[in-house]
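Report on the following structure.
Note: hydrogens, waters and symmetry copies are ignored here, and every other heavy atom, side chains too, is used. What you see is a predicted model, and the numbers here were worked out from it, not measured in a lab. Letters go in sequence order (proteins before strands), and every chain restarts at 1.
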Protein chains: 2
Amino acid sequence: MEAGVLFSGGKDSALAAIMLARDYGVELNTCVFDPDREVPEVRAAAAALDLPFRKRVLGRDLLEEAVDLLLTCGYPNDAIDMVHRTAIEILSREYAVVGDGTRREDRVPRIERSEVQHLEMTTGCSYVRPLLGYGKPEVERLAGRLLVVRYGETGVIGNGDYEGEIRDALRARGIDPALLFPPHHLQSLVVARKNT
Amino acid sequence: MEAGVLFSGGKDSALAAIMLARDYGVELNTCVFDPDREVPEVRAAAAALDLPFRKRVLGRDLLEEAVDLLLTCGYPNDAIDMVHRTAIEILSREYAVVGDGTRREDRVPRIERSEVQHLEMTTGCSYVRPLLGYGKPEVERLAGRLLVVRYGETGVIGNGDYEGEIRDALRARGIDPALLFPPHHLQSLVVARKNT
C-alpha cells in the first residue's frame, strides 16, 4: 500500500515518514506555492531518509488566498490550516493513504476530527498521523535516536514548510511578517539518518 | 527504553504493542480485578507476539467502585474510563513510557488531553498511543497484515478487557449486565502473528 507523506524536511514529518515506511510504501511530498521554487535542503533530507521525493505545486493563487486570510485574521493559524488541508486533498487524489507529522500538542496545522471524517468520506483515502499519540518528549527521544537534525529560526533554515513563502508574499505587499508570526519559532531540518 | 503496554489480548492493543516494540523494549500488562483470575488466552496472545507478559491486579475494591459508578451513570463509559486511568497510573510507577491501543475513533476508554497532561506531569512518565492517529480502516488493514485474529461477543471470547469482570460483578449483585452494556459488542483475540 502506497502512502503519500507531507514532508517539510523537518524532524516531525521525517519521523512520521520513517514510522509509516515500516508498514507502507512511502513517498515524500513537499508542497510549494511557486512552481519555480527549489527545495535542495528538503531533497537532501529525503535522500538521507532513502525515500522517494516529489515536489508538489500548490500555486500562487493559493498563496495569495492564504495571505488574504492571514491579514483578515491577524494571525497565521487559519491560513496555515487552509493550506495544509488543500495539500492533503491534493495528495488524496493520488494516494490511498495520506500522512503527516502532526504531534499530540500541535495546534497548527491541525485537522479536527469532523474535518478528517469529511475528508476521508469525500476522497475515499485514509488520513494517518503516526505521531498524534506521542507527546513532545517521546518525539524528541525517537528523533534523537533515528535522526541527525539541524535547528534554526524560520527563514534561516531551508526547510519546506508553508511559512517561508507566506512571509515572502507579505514582504512583497510591504508588510513586515514579524508583526503577524509569533517570534522565535524554531524550525528543524533533517541532515542524516542514524544507524540503529 | 522500557514501555509498559496495557494489553487485552485484542487486536488494537496487540497492534499498538508491535508498533511500540520497533522503538521500545515492550512489556505487555494485563489488568485484572480478582487476583485469582487467570487469563490463559491473553498469555497465549502475548506469547504469539513474542513479548514478555505481566498480569497486574487492580483489586476487588476497584471493581466494586467501578460497578457503583456504572450503576450511578446507567452506562459503562465513566466506569471503564476510571478503571483505565487507574491502570495507566499503576503502570506509570514502573515504566518511563506507558502505552495502549486507543484508536482515533475510540470513545471508551479514552483519556482526554488535559488528563494526559496531568498524568504526565504528576508521574513523570510518557503516555503514548501509537494508533491514535489511525482510523478504523487502517487499523484493520495493519492488523490483517500482521496478526491472525479471532472475533466473538464479550463473554464468549477470553480476552483481558475490564468488561468481563464488571459483567460478572453485576450478575453477583443480581443485575442483568445486558441492561447496562450496549449489545453486540464484538471483541477480538490475537491467536498468532503473521510472518511479513
Just checking heavy atoms, which of [range] are less than 4.5 Å from chain B?
range                       : answer
residues 132-141 of chain A : A:L132, A:G133, A:Y134, A:P137, A:E138, A:R141
residues 110-129 of chain A : A:R110, A:R113, A:V116, A:E120, A:S126, A:Y127, A:V128, A:R129
residues 74-85 of chain A   : none

Treating Ile, Leu, Val, Met, Phe, Trp and Tyr as nodes and any side-chain heavy-atom pair under 4.5 angstrom as an edge, say whether [X] and [Y] lie in one connected cluster.
X      : Y     : value
A:V191 : A:F53 : no
B:V108 : B:L63 : yes
B:I88  : B:M1  : no
A:I90  : A:V97 : no
B:V148 : B:V42 : no

Cut-off 4.5 Å, heavy atoms of chain A, and the answer for B:L146 is side chain
Turns out that what part of B:R145 lies under 4.5 Å from chain A's heavy atoms comes down to side chain
**Study point:** Within 6.0 Å of CG in A:D176, more than 12 heavy atoms from elsewhere
**Key:** yes
| query | Within a reach of under 6.0 Å around CZ of B:R107, are more than 12 heavy atoms found that belong to other residues, nucleotides or ligands? | reply | no
Residues of residues 12-36 of chain B with a heavy atom under 4.5 Å from any heavy atom of chain A, in residue-number order, are B:M19, B:L20, B:R22, B:D23, B:Y24
